[in-house]
2 protein chains.
Amino acid sequence: MSDLLGRLRTRGWRLTAQRRVVAEVLDGDHIHLTADEVHARAVRRLPEISRATVYNTLGELVNLGEVAEVSTDHRAKRYDPNAHRPHHHLLCARCGAIRDVHPVGDPLADLPESERFGFSVSEVELTYRGVCPDCAA
Amino acid sequence: MSDLLGRLRTRGWRLTAQRRVVAEVLDGDHIHLTADEVHARAVRRLPEISRATVYNTLGELVNLGEVAEVSTDHRAKRYDPNAHRPHHHLLCARCGAIRDVHPVGDPLADLPESERFGFSVSEVELTYRGVCPDCAA
DNA sequence: TACTTGACTTGGACTTCGTCCATTGTAGGA
DNA sequence: TCCTACAATGGACGAAGTCCAAGTCAAGTA
Ligand SMILES: [Mn+2]
Ligand SMILES: [Mn+2]
Ligand SMILES: [Zn+2]
Ligand SMILES: [Zn+2]
């Protein structure tokens with residue numbers, strides 16, 4: 001996320017207060033906020049920012065490959081600024097906590113040709129579920 | 001899915017026309033319908049069946065472990081009658097086609113202890129994405 | 001600095017997916 | 001056949017997200 005704004009400027013992005021705030025809110029590790037959570041935090045810094053703008057900006061960041069969409073539960077999408085180093089997710093079935101994880105090996109290699117049905121397979125998403133230490137206590 | 005209705009009856013399920021129709025609609029291989037698709041097909045056999053009943057019945061089947069909920073895209077949940085033999089999914093990014101797949105190896109074993117953050121991990125969901133033969137042509 | 005303009009933002013209407021609930025109907029046992 | 005607890009209904013409601021016409025403004029130009 002470090003020099004996100006610089007990278008975006010060179011791509012012709014118009015730098016507005018709203019976009020700056022959305023980028024700031026997304027900064028950090030193990031960040032997986034919903035659009036409404038992003039909006040709530042953005043409003044603290046820029047009270048007049050609209051929900052529509054947050055959705056627009058998140059969508060653009062996803063298209064540019066700067067942010068990844070994550071579907072953990074069947075609820076709202078979550079937005080992950082850690083899009084540059086590929087990773088997977090571990091989540092707590094009780095409280096919804098999410099951690100970035102890096103399994104060993106390549107799950108793509110585990111899908112034999114006979115199980116590909118003629119598809120050209122390019123991507124794999126892996127979600128581990130369990131109970132976190134806090135919820136187990 | 002074979003003797004689903006029999007199994008449900010022994011569990012004290014009241015056997016109604018609506019539930020029978022929902023079960024019939026879900027019968028088959030590589031079936032991953034949304035609730036509204038289930039409703040549309042059910043209506044053909046039982047015109048007065050309501051959306052609420054379809055949702056209720058699907059929810060019950062999921063709780064009983066007879067049907068699995070699958071979240072492929074970020075849209076509607078899909079209902080998978082193939083809940084008894086565990087499997088994963090391969091889907092086409094263009095047309096949304098979904099196939100059941102069985103990767104080799106155990107993805108659970110690929111998550112080292114150091115990447116578990118104290119969680120007790122019990123479940124793993126694996127989704128492959130690509131382009132199906134029809135869409136590639 | 002002031003001007004200009006196309007890109008950006010806004011709020012509210014709208015859509016989709018799903019839940020909830022009061023009322024009505026009925027499966028299955030007595 | 002009758003009873004009644006469980007199930008079905010449809011319409012209101014809610015959450016998440018999209019769309020649009022109108023207003024605003026970033027940044028290039030002079
Ligand atoms: Mn992540
Ligand atoms: Mn399946
Ligand atoms: Zn937890
Ligand atoms: Zn396809």
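To find a chain, count down the sequence lines: A is the first, B the second, and so on, and within it residues start at 1.
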Colleague: Does B/N82 offer a backbone N or O that forms a donor-acceptor pair with the side chain of B/H84 under 3.5 Å?
Modeller: no

Colleague: What I'd like to find out is whether the side chain of A/Y128 reaches to under 4.5 Å of the side chain of B/L111, using heavy atoms alone.
Modeller: yes

Colleague: Considering non-hydrogen atoms only, spot the tightest contact between B/V104 and A/P112 and give its length.
Modeller: CG1-CG, 4.1 Å

Colleague: At the 4.0 Å heavy-atom cut-off to chain A, mark where contacts on DNA chain C begin and end, going 5' to 3'.
Modeller: C/dG6 to C/dG11

Colleague: So, the side chain of A/E115 versus the backbone of B/H102: is there a donor-acceptor pair under 3.5 Å, distance only?
Modeller: yes

Colleague: B/H89 and side chain to side chain donor-acceptor pair (under 3.5 Å): which single residue from B/H32, B/E125, B/H30 fits?
Modeller: B/H32

Colleague: Kindly give the atom pairs (protein nitrogen or oxygen, nucleotide nitrogen or oxygen) under 3.5 Å for nucleotides 15-21 of chain D.
Modeller:
residue	atom	partner	partner atom	Å
D/dG17	OP1	A/K77	N	2.9
D/dG17	OP2	A/Y55	OH	3.1
D/dG17	N7	A/R51	NH2	3.0

Colleague: Between B/I49 (CD1) and D/dA8 (C1'), how many Å, whole number?
Modeller: 9 Å

Colleague: Which whole-number value in Å describes the distance from A/L8 CG to D/dA26 C1'?
Modeller: 15 Å

Colleague: Output all residues satisfying side-chain hydrogen bond (donor to acceptor under 3.5 Å, both in side chains) with B/D110, sequence neighbours left out; order by chain, then residue number.
Modeller: none

Colleague: Please identify each residue that fulfils side-chain hydrogen bond (donor to acceptor under 3.5 Å, both in side chains) with B/R45, with sequence neighbours left out.
Modeller: B/E24

Colleague: Count I, L, V, M, F, W, Y as connected when their side-chain heavy atoms are under 4.5 Å apart, and connections chain through other members. Are B/Y55 and B/V67 then in the same cluster?
Modeller: no

Colleague: Between atom CG in B/L46 and atom C1' in D/dT9, what is the gap in whole Å?
Modeller: 12 Å

Colleague: Does the pair A/E60/A/R19 count as a salt bridge with the N-to-O cut at 4.0 Å?
Modeller: yes

Colleague: Rounded to the Å, how far apart are A/E48 CD and D/dG23 P?
Modeller: 19 Å

Colleague: To the nearest Å, give me how far apart CG (B/L61) and P (D/dA7) are.
Modeller: 12 Å

Colleague: N/O contacts under 3.5 Å, protein versus nucleotides 27-30 of chain D?
Modeller:
residue	atom	partner	partner atom	Å
D/dA27	OP1	A/L15	N	2.8

Colleague: Using salt bridge (charged side-chain N to carboxylate O under 4.0 Å, His left out) as the criterion, point out the one residue from A/R51, A/R75, A/R41 that pairs with A/D36.
Modeller: A/R51

Colleague: Suppose we screen for salt bridge (Lys or Arg N to Asp or Glu O under 4.0 Å). Which residues come up paired with A/R78, at least two apart in sequence or across chains?
Modeller: A/E37

